[in-house]
Amino acid sequence: MKRQENKACGADIHKRFLMACILSRDGSKVLNRFDMTVEGVLGFASWLKDNNCKKVAVESTGNYWHLVYQVLDDEFEFILGNAFKTRRHSGAKTDKRDAEWLAELCLNNQIEPLNDSS
């Protein structure tokens, strides 16, 4: 059985930006948006550290996740999930809701990783 984290981050990644949500077991939520540049993703990593979050989940849509993986791989538990299996089927779709949904799945160990890094 996997150890449960107190915090987890879900990141909805796009070509030009990523929307990130950190959820905590106490119900608190922090959202932030970062550019999909090296500087932006380094800022994302710094934000995760500042919020004491070591677990990050993303969907495997396109190849936009590669830069995030390269920056986060050494210091964070990076979970790449199958987009078909992590997709939320109800409610209006927004970047914030998608990031929060990924964070919730990640926090509760409900994402089957596609990669070996988790």
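Everything numeric in this text was worked out from a predicted model, so none of it was measured.
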Which pair of non-hydrogen atoms, one from [X] and one from [Y], has the smallest distance, and what is that distance?
X      : Y      : answer
Cys106 : Ile111 : N-CD1, 3.9 Å
Phe17  : Arg33  : CD2-NH2, 3.3 Å
Cys9   : Trp47  : SG-CZ3, 4.3 Å
Ile22  : Cys53  : CD1-CB, 4.0 Å
Lys7   : Asn51  : NZ-O, 2.7 Å
Leu18  : Val68  : CD2-CG2, 3.9 Å

- prompt: Going by atom types alone, do Thr37 and Asp35 pair a side-chain donor with an acceptor below 3.5 Å?
  reply: no
task: State yes or no: are the ring centers of Tyr69 and His66 separated by less than 6.0 Å?
output: no
Are side-chain heavy atoms of [X] and [Y] found at a separation under 4.5 Å?
X     : Y     : result
Gln70 : Val38 : no
Lys49 : Phe76 : yes
Leu80 : Val58 : yes
Ile13 : Glu59 : no
Val71 : Leu67 : yes
Cys21 : Val30 : no
Leu72 : Phe44 : yes
His14 : Asp95 : yes

Let me confirm one number: the [atom1]-[atom2] distance from [X] to [Y], rounded to the nearest 0.5 Å.
X      : Y      : atom1 : atom2 : result
Gln110 : Ile79  : CD    : CD1   : 11.5 Å
Glu100 : Leu31  : CD    : CG    : 6.5 Å
Leu23  : Leu102 : CG    : CG    : 10.5 Å
Arg97  : Met19  : CZ    : CE    : 13.0 Å
Asn32  : Asp50  : CG    : CG    : 10.5 Å

message: Checking Val56 against Glu77 for the side-chain contact (heavy atoms from CB on, under 4.5 Å) test, could you report, in this order, the C-alpha distance in whole Å, the side-chain angles of both residues, the deciding distance, and whether it holds?
response: CA-CA 6 Å; Val56 180; Glu77 181 180 352; over 6 Å; no
side-chain hydrogen bond (donor to acceptor under 3.5 Å, both in side chains) between Asn109 and Lys55, worked out: CA-CA 10 Å; Asn109 293 319; Lys55 190 173 182 181; 2.4 Å; yes
